[in-house]
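All residue numbers in this chain count up from 1 along the given sequence. Each ligand, and each atom within it, is numbered from 1 in the order the structure gives.
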Amino acid sequence: MHDYQHDFIEFAIRRDVLRFGEFTLKSGRKSPYFFNAGLFNTGSDLLQLGRAYASALQNSGLNYDILFGPAYKGIPLAAATAMSLAETGDDRPYAFNRKEKKDHGEGGNIVGAPLKGKVLIIDDVITAGTAIRESIDIIRAAGAEPAGVLIALDRQERGQGELSAIQEVEAEFDLPVVSIIRLEQVISYLSGQEGFAENARKVEDYRERYGI
Ligand SMILES: O=P(O)(O)OC[C@H]1O[C@H](OP(=O)(O)OP(=O)(O)O)[C@H](O)[C@@H]1O
Ligand SMILES: O=C(O)c1cc(=O)[nH]c(=O)[nH]1
């Protein structure tokens, strides 16, 4: 595990973004853990979050021309990542969409840099893949091509079939999906921490049952 991944898990637990208990997911599954990126909600959270996304992106070696954050939650994520990349001397354009088309002012539903070349999509999580499919449609409609997807946590669990929604997106669009952390790293972190043994066991059991 890289330092930025270890630090990100501690950061997420500290901010209650990563919680342990019993949670019902969109899928109806009962999960012993939940990741709520909406609780990264201060300026310093955004700063640290942007740095974690930027580290994951640089570590991935992905080749891209522009960052794209799908409305709404992807917007601050793409902006924070672009700022953190710039801090490291890697100044990239970024853009985002409006959910509702605007017909006054400059019009259109893309804001920021023009969508050109290889576009990297940044979001918090992929559940069924709907937001990513919509982003790919937007990118292609602008004459650009998707380069990959960057998210915070990969839960590494099956969707309806044998694959996870992330694996389905990778296979359907031949597109890499990179995450800051994966569930297996959360488990490895918990296993090494005093006071987390019970949570580690429950998360491992869940992974046994639903994991990919
Ligand atoms: O893979 P999916 O099934 O699409 O689920 C994941 C998407 O859902 C959430 O956003 P949401 O669509 O709720 O919009 P928001 O960002 O405006 O909250 C989340 O931020 C992802 O974009
Ligand atoms: O599957 C979900 O509903 C889900 C899981 C999770 O950890 N975080 C989240 O925002 N949604």
Side-chain angles (χ1 to χ4, degrees), residues 8-9 11-13 15-41 45-46 49-50 52-53 67-81 94-102 109-112 119-139 146 148-161 163-173 175-187 189-190 199-200 202-207 209-212:
F8 184 72
I9 294 170
F11 171 44
I13 292 174
R15 297 296 288 123
D16 255 358
V17 165
L18 179 57
R19 290 175 60 197
F20 303 95
E22 191 175 288
F23 304 93
T24 303
L25 305 184
K26 247 192 218 178
S27 62
R29 281 179 196 161
K30 294 255 188 292
S31 169
Y33 76 103
F34 196 77
F35 186 86
N36 178 3
L39 293 176
F40 286 130
N41 56 15
D45 285 350
L46 261 188
L49 188 58
Y53 273 99
L67 306 171
F68 176 75
Y72 292 99
K73 289 196 288 294
I75 298 173
L77 298 178
T81 306
Y94 87 100
F96 56 90
N97 64 308
R98 292 194 172 96
K99 283 203 181 185
E100 301 81 21
K101 198 168 186 329
K102 186 170 149 180
N109 65 349
I110 303 294
V111 187
V119 184
L120 183 91
I121 303 163
I122 303 193
D123 209 347
D124 54 350
V125 292
I126 293 179
T127 303
T130 313
I132 297 305
R133 287 184 172 84
E134 284 171 8
S135 297
I136 292 172
D137 286 346
I138 291 169
I139 291 164
V149 183
L150 176 61
I151 55 169
L153 168 70
D154 179 353
R155 292 183 54 103
Q156 296 185 290
E157 69 185 68
R158 291 194 302 278
Q160 307 280 30
L163 298 183
S164 70
I166 290 178
Q167 289 174 317
E168 282 168 6
V169 166
E170 288 183 316
E172 183 178 342
F173 301 103
L175 214 56
V177 177
V178 172
S179 60
I180 303 173
I181 50 168
R182 297 186 301 277
L183 180 60
E184 62 198 5
Q185 287 150 346
V186 175
I187 292 174
Y189 172 86
L190 292 177
N199 291 325
K202 287 186 179 160
V203 177
E204 275 179 69
D205 288 350
Y206 183 83
R207 181 148 164 75
R209 184 153 181 211
Y210 297 114
I212 46 156

Undergrad: For Tyr53 versus Ile151, what's the shortest heavy-atom pair and its separation?
TA: CE2-C, 3.8 Å

Undergrad: Quick check for you: to the nearest 0.5 Å, what is the distance between Tyr210 atom OH and Lys30 atom NZ?
TA: 9.5 Å

Undergrad: For the atom pair CG (Leu190) and CG (Asn199), what is the distance rounded to the nearest 0.5 Å?
TA: 6.5 Å

Undergrad: Rounded to the nearest 0.5 Å, what separates atom CG in Leu120 from atom OG in Ser135?
TA: 11.0 Å

Undergrad: Which of the numbered atoms in ligand 1 are under 4.0 angstrom from any heavy atom belonging to Gly129?
TA: 1 (O), 2 (P), 3 (O)

Undergrad: When you compare ligand 1 with Gly74, is there at least one nitrogen or oxygen pair between them that comes in under 3.5 angstrom?
TA: no

Undergrad: Heavy-atom contacts with Leu25 under 4.0 Å: which atoms of ligand 2 show up? List them by number with element.
TA: 1 (O), 2 (C), 3 (O), 5 (C)

Undergrad: Among protein heavy atoms, which sits nearest to atom 3 (O) of ligand 1, and what does the distance come to when rounded to 0.1 Å?
TA: Ala128 N, 2.9 Å

Undergrad: If we only count N/O pairs under 3.5 Å, is Ile126 in contact with ligand 1?
TA: no

Undergrad: Do me a favour and list the nearest non-hydrogen protein atom to atom 7 (C) of ligand 1 with residue, atom name and distance?
TA: Ala131 CB, 3.9 Å

Undergrad: Which bit of Asp124 is near ligand 1, meaning a heavy atom under 4.0 Å away: side chain, backbone, both or neither?
TA: side chain

Undergrad: Report the nearest protein non-hydrogen atom to atom 7 (O) of ligand 2: residue, atom name, distance rounded to 0.1 Å.
TA: Arg155 NH1, 2.7 Å

Undergrad: Between Glu22 and Lys202, does any side-chain N to carboxylate O distance fall below 4.0 Å?
TA: no

Undergrad: I'd like to check which ligand 1 atoms, numbered from 1 as shown, lie under 4.0 Å from a non-hydrogen atom of Thr130.
TA: 1 (O), 2 (P), 3 (O), 4 (O)

Undergrad: Would you say the side chain of Leu49 lies within less than 4.5 Å of the side chain of Leu77, judging by non-hydrogen atoms?
TA: yes

Undergrad: Has ligand 2 got any nitrogen or oxygen that is less than 3.5 angstrom from a nitrogen or oxygen of Asn36?
TA: no

Undergrad: With a 4.5 Å cut-off on side-chain heavy atoms, are Ile136 and Leu175 touching?
TA: yes

Undergrad: Can you report which non-hydrogen protein atom sits closest to atom 6 (C) of ligand 1, along with the distance?
TA: Val125 O, 3.5 Å

Undergrad: Which protein non-hydrogen atom lies closest to atom 21 (C) of ligand 1, naming both residue and atom, and how far is it?
TA: Asp123 OD2, 3.3 Å

Undergrad: Which heavy atom in Ala80 sits nearest to a heavy atom in Leu46, and how many Å separate them?
TA: CB-O, 3.7 Å

Undergrad: Starting from atom 8 (O) of ligand 1, which protein heavy atom do you reach first, and at what distance in Å?
TA: Lys26 NZ, 4.1 Å

Undergrad: With heavy-atom distances below 4.0 Å as the criterion, list the atoms of ligand 2 near Phe35.
TA: 6 (C), 7 (O), 8 (N), 9 (C), 10 (O)

Undergrad: Should Leu39 and Arg15 be marked as a side-chain contact (heavy atoms from CB on, under 4.5 Å) after you check the CA-CA gap, both sets of side-chain angles, and the distance that decides it?
TA: CA-CA 7 Å; Leu39 293 176; Arg15 297 296 288 123; 5.7 Å; no

Undergrad: Given side chains that start at C-beta, do those of Thr81 and Tyr94 come closer than 4.5 Å, heavy atoms only?
TA: no

Undergrad: Heavy-atom contact under 4.0 Å between Pro70 and ligand 1?
TA: no

Undergrad: Between Ile132 and Val177, does the side-chain contact (heavy atoms from CB on, under 4.5 Å) criterion hold? Intermediate values first, please.
TA: CA-CA 10 Å; Ile132 297 305; Val177 177; over 6 Å; no

Undergrad: Could you find the nearest protein heavy atom to atom 3 (O) of ligand 2 and give me its residue, atom name and distance?
TA: Lys26 N, 3.0 Å

Undergrad: Look at atom 18 (O) of ligand 1 and say which protein heavy atom is nearest, naming residue and atom and giving the distance to 0.1 Å.
TA: Lys73 NZ, 2.6 Å

Undergrad: To which protein heavy atom is atom 4 (C) of ligand 2 closest, and what is the distance rounded to 0.1 Å?
TA: Phe34 CE1, 3.6 Å

Undergrad: If you measure every N or O of Tyr33 against every N or O of ligand 2, does any of those distances drop under 3.5 Å?
TA: no

Undergrad: Return the residue, atom name and 0.1 Å-rounded distance of the protein heavy atom closest to atom 12 (O) of ligand 1.
TA: Lys99 NZ, 4.4 Å

Undergrad: Does the side-chain contact (heavy atoms from CB on, under 4.5 Å) test come out yes or no for Arg155 and Ile166, once each step is laid out?
TA: CA-CA 9 Å; Arg155 292 183 54 103; Ile166 290 178; over 6 Å; no

